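Working notes for the structure below.
Owing to the predicted nature of the structure, the values given are computational and were not obtained by experimental measurement.
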Amino acid sequence: MNVIGVKVSGLLVAIALVGCGPRMVIEPPALPKEAITFQAGYTETFDRVLRALDAEGYDVVIADRQRGYIETRPRTLAKPEGGGPFEYQTYLIVRVGGGWRESWATVRSLVLPGYPKERQQLIDRLQGGKSPPPPEGETP
């Protein structure tokens, strides 16, 4: 057998051994249980999320396509009857990930309680308007 025949034979044996070995299976990363999956690429899904937020009346303040991060401006929720003096605002954080054929998104809603009367009292004081007198022993 000549040198070329030996090299070709060795190459064929190596290919055969590699082909017979165990196949490496790469498992996709585990998605959060609340993830929504899409049979669409990352870019299409990111754009779909932006359109959905706009259609629902949310004002997007951050749309970082590279990091897959979208955040909305807080908006006031409808006050339930007898809800008391509090006002609630919500904002959304959406994470988007995936590849060119499949993608996913998670949506988190954060609710912030507020007390508008307190806020207005501070604004009035800052603008030199009427505000309640300071507690006894404190100077304004």
- Return the minimal non-hydrogen interatomic distance between Phe46 and Ala63, and the atom names on each side. CZ-C, 4.0 Å

- Approximate separation, where rounding is to 0.5 Å, of Glu71 CD and Leu53 CG: 11.5 Å

- For Leu112, what are the other residues in its hydrophobic cluster, where any two members join if their side-chain heavy atoms are less than 4.5 angstrom apart? Val61, Ile62, Tyr69, Tyr91, Ile93, Leu110

- Message: To check you understand the geometry: which heavy-atom pair defines the closest contact between Ala105 and Val49, and what is its length?
- Response: CB-CG2, 4.4 Å

- For Thr72 and Leu92, indicate whether the former's side chain and the latter's backbone hold a donor-acceptor pair under 3.5 Å. yes

- Message: Do Val60 and Asp54 make a side-chain contact, defined as non-hydrogen atoms from C-beta onward lying under 4.5 Å apart?
- Response: no

- Only counting residues at least two apart or in another chain, list the ones meeting side chain to side chain contact (heavy atoms under 4.5 Å, CB included) with Arg48. Phe38, Ala40, Glu44, Arg51

- Message: Quick test of your reading: applying side-chain hydrogen bond (donor to acceptor under 3.5 Å, both in side chains), list the pairs with at least one residue in residues 59-68, sequence neighbours left out, ordered by first then second residue.
- Response: Asp47-Arg65, Asp59-Arg73

- Query: Given Glu87 and Thr76, is the side-chain contact (heavy atoms from CB on, under 4.5 Å) satisfied, shown in steps?
  - Reply: CA-CA 7 Å; Glu87 172 181 277; Thr76 302; 3.8 Å; yes

- Message: Please list all pairs meeting side-chain hydrogen bond (donor to acceptor under 3.5 Å, both in side chains) that have one or both residues in residues 98-109, counting only residues at least two apart or in different chains.
- Response: Glu34-Arg108, Thr45-Ser103, Thr90-Ser109

